[in-house]
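Any value given below was found using the heavy atoms of this structure, including those in side chains, with hydrogens, waters and symmetry copies removed. Sequential numbering from 1 along the given sequence is applied to the chain's residues.
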Amino acid sequence: MAEPQVLADAVPEKTVRTGVDDSSAPVRRPRRADWRKRAEIAILSGPALLMFVGFVIFPVMLASYYGFFKWNGFGWPTEFVGLDNYLLMWRDDSFREAVSHNFIIVVLSLVMQGPIAILFALLLNQKIRGRSLIRVLIFMPYVISEVIVGVGWSLIMQDAGALNSLLEKWGLEQFQQSWLADPSIAMGTLMVIITWKYIGFAVILMLAGMQSIPEELYEAAAIDGAGFWKIQWSITLPLLGPTIRIWAFLSIIGSLQLFDLVNIIWGQYIASIAGTSTMATYMYQNGHLAGSYGFGNAVAVMLFLISLVVALTYQRFVLRRDTEGAVTGESGRKKRK
């Protein structure tokens with residue numbers, strides 16, 4: 001007697017009444033629910049979308065418009081010059097040099113900060129005394145204002161600054177250098193300052209990525225007899241890949257837009273002489289200081305386009321595996337096919 005009851009429970013109620021199985025029929029949602037969901041999305045995303053359009057899209061469009069004019073910043077631009085600002089920009093050796101400096105900073109930032117950050121994160125991921133204090137000390141330079149960092153390092157690195165005075169006190173006069181004015185070492189000085197300033201952010205990201213790795217993997221590798229460095233090479237680094245790629249992306253974009261530290265430490269004129277100029281400092285000097293705001297807007301548009309191309313290329317060839325891995329459901333399976 002129990003068996004018919006089980007079969008009756010397994011059959012949909014509508015099938016029992018009509019004798020027809022409509023379980024495969026599509027379920028229609030009420031239109032009111034759809035409109036309510038769309039209204040919620042519009043209300044929640046509307047302010048952010050307006051902010052993005054007002055403070056990102058509109059300024060870029062306005063800068064693109066101004067870049068076609070010779071304009072001193074007063075009144076509405078009227079002297080149309082077409083692409084002359086862009087042609088003049090690329091014909092200028094100083095601009096091409098600034099672009100090369102930006103990409104040198106990109107490469108050196110990745111090469112210098114990445115390994116150091118991973119090593120620090122490996123250290124701080126272990127159970128050692130004073131670990132919290134070390135984390136605070138490493139992260140502290142990142143939260144200090146760029147103005148304070150720039151002024152402090154400029155005083156330290158001057159010819160009569162603290163570093164050369166300390167070398168003289170220790171009897172190491174042969175190592176005294178003109179750290180800021182010598183073009184052969186000025187870029188190295190800049191990279192030391194950048195690494196000191198931003199290494200804390202990279203360490204925190206790496207440490208967060210390491211702490212998300214399951215502890216069972218390390219225990220299984222230790223049982224199999226793997227040593228510490230073998231475990232890090234085989235487990236930590238592969239699983240840390242998404243974190244490393246995200247950090248590298250942020251580092252690349254920040255290096256392309258570098259301005260404040262260079263302008264504060266080297267000033268508005270010596271940066272180009274010392275070999276530390278960037279696209280942003282070139283824009284500031286030849287646009288704002290020169291009173292040529294049409295040309296400055298053209299440089300700003302070019303900086304935006306270069307950053308956009310680099311970002312899209314990086315996303316297409318490096319971040320693609322991470323974005324595809326985040327796609328779930330039927331649409332994600334269709335894209336992967």
* To do: Mind running side chain to side chain contact (heavy atoms under 4.5 Å, CB included) on L312 and R316 for me, showing each step along the way?
  => CA-CA 6 Å; L312 293 178; R316 174 66 176 82; over 6 Å; no
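- W196 CH2: more than 12 foreign heavy atoms inside a 6.0 Å radius.
- Under a hydrophobic-cluster definition in which Ile, Leu, Val, Met, Phe, Trp and Tyr are linked whenever side-chain heavy atoms come within less than 4.5 Å, directly or via other members, I116 and V149 are assigned to different clusters.
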* **Working for side chain to side chain contact (heavy atoms under 4.5 Å, CB included), residues I118 and I244** => CA-CA 9 Å; I118 293 175; I244 295 175; 3.9 Å; yes
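- With a 4.5 Å cut-off on side-chain heavy atoms, T236 and Y218 count as touching.
- Of the possible donor and acceptor atoms, one in the side chain of S154 sits under 3.5 Å from a partner among the backbone N and O of V151.
- Between the CD1 atom of I252 and the CG atom of N102 there is a distance of 12.5 Å, given to the nearest 0.5 Å.
- When the side chains of ILVMFWY residues are joined at heavy-atom separations under 4.5 Å, either directly or via intervening members, V262 and V192 end up in two distinct hydrophobic clusters.
- The shortest side-chain heavy-atom distance between I134 and L137 does not fall under the 4.5 Å cut-off.
- Side chain of H101 to backbone of T278: no donor-acceptor contact under 3.5 angstrom is found.
- T189 is not listed as a side-chain neighbour of T276, based on a closest heavy-atom distance of 4.5 Å or more.
- No side-chain heavy atom of V299 sits under 4.5 Å from any side-chain heavy atom of N286.
- Side-chain contact between F175 and W170 is absent, with no heavy-atom pair separated by less than 4.5 Å.
- To the nearest 0.5 Å, atoms CE (M279) and CG (L303) are separated by 5.0 Å.
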Using atom types as modelled, flag every donor-acceptor pair under 3.5 Å from a side chain in residues 204-217 to any protein atom, sequence neighbours excluded.
from: S212; atom 1: OG; to: G209; atom 2: O; distance (Å): 2.6

* **Criterion ring pair (Phe, Tyr, Trp, His ring centres under 6.0 Å) on Y284 and F259, from CA distance to verdict** => CA-CA 9 Å; Y284 178 69; F259 168 74; 5.5 Å; yes
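- The cluster map of Ile, Leu, Val, Met, Phe, Trp and Tyr, joined by side-chain heavy atoms under 4.5 Å apart, puts F55 and L62 in different clusters.
- A donor-acceptor contact shorter than 3.5 Å is absent between the side chain of K197 and the backbone of S145.
- At a threshold of 4.5 Å between non-hydrogen side-chain atoms, the residues V106 and L256 count as touching.
- In plain terms, the two heavy atoms of L110 and P115 that are nearest each other are O-CD, 3.8 Å.
- To the nearest 0.5 Å, the span separating CD1 on I57 from CZ on F52 amounts to 4.0 Å.
- What you find for Q126 and F228 is that their closest heavy atoms are NE2-CE1, 3.7 Å.
- A continuous path of Ile, Leu, Val, Met, Phe, Trp and Tyr side chains, each step under 4.5 Å between heavy atoms, connects V318 with L250, placing both in one hydrophobic cluster.
- Annotation: side chain to side chain donor-acceptor pair (under 3.5 Å) contacts of D92 (sequence neighbours excluded): Y282.
- Taking both residues in full, the closest heavy atoms of Q177 and Q174 are given as NE2-O, 4.4 Å, listed atom of the first, atom of the second, then distance.
- Interatomic distance, F80 CZ to W71 CH2, rounded to the nearest 0.5 Å: 15.5 Å.
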* To do: Please lay out, stage by stage, how Q315 and F249 fare under the test side chain to side chain contact (heavy atoms under 4.5 Å, CB included).
  => CA-CA 9 Å; Q315 182 178 2; F249 176 75; 5.7 Å; no
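- Around atom NZ of K70, no more than 12 heavy atoms belonging to other residues, nucleotides or ligands sit under 6.0 Å away.
- Distance alone, capped at 3.5 Å, is enough to place a donor-acceptor pair between the D182 side chain and the S184 backbone.
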* **Working for side chain to side chain contact (heavy atoms under 4.5 Å, CB included), residues V301 and Y86** => CA-CA 9 Å; V301 172; Y86 295 93; 3.7 Å; yes
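- Across every non-hydrogen atom of E168 and E173, the tightest pair is O-OE2, 3.4 Å.
- Using a 4.5 Å cut-off on side-chain heavy atoms (C-beta onward), F103 and I306 make contact.
- Judged purely by atom type and a 3.5 angstrom limit, W266 uses its side chain to pair as donor or acceptor with the backbone of L180.
- One N or O on the side chain of N85 and one on the backbone of F69 form a donor-acceptor pair closer than 3.5 Å.
- The ring of F201 has its center no closer than 6.0 angstrom to the ring center of Y198.
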* Verify ring pair (Phe, Tyr, Trp, His ring centres under 6.0 Å) between Y142 and F139, making sure each step is shown before the conclusion. => CA-CA 6 Å; Y142 179 73; F139 191 68; 5.5 Å; yes
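- The heavy-atom pair separating Q285 from A271 by the smallest distance is NE2-CB, 4.3 Å.
- A side-chain donor-acceptor contact under 3.5 Å links S109 to the backbone of I105.
- Nearest heavy-atom pair, A202 versus A117, reported as atom, atom and distance to 0.1 Å: CB-CB, 3.6 Å.
- One N or O on the side chain of N164 and one on the backbone of D159 form a donor-acceptor pair closer than 3.5 Å.
- For the atom pair F95 CZ and S272 OG, the distance stands at 14.5 Å (nearest 0.5 Å).
- Hydrophobic clustering places L88 together with Y65 (ILVMFWY residues linked when any side-chain heavy atoms are closer than 4.5 Å, directly or through intermediates).
- Rounding to the nearest 0.5 Å places CG of L123 at 7.5 Å from CZ of F120.
- Between the side chain of Y314 and the backbone N or O of R245 there is at least one donor-acceptor pair closer than 3.5 Å.
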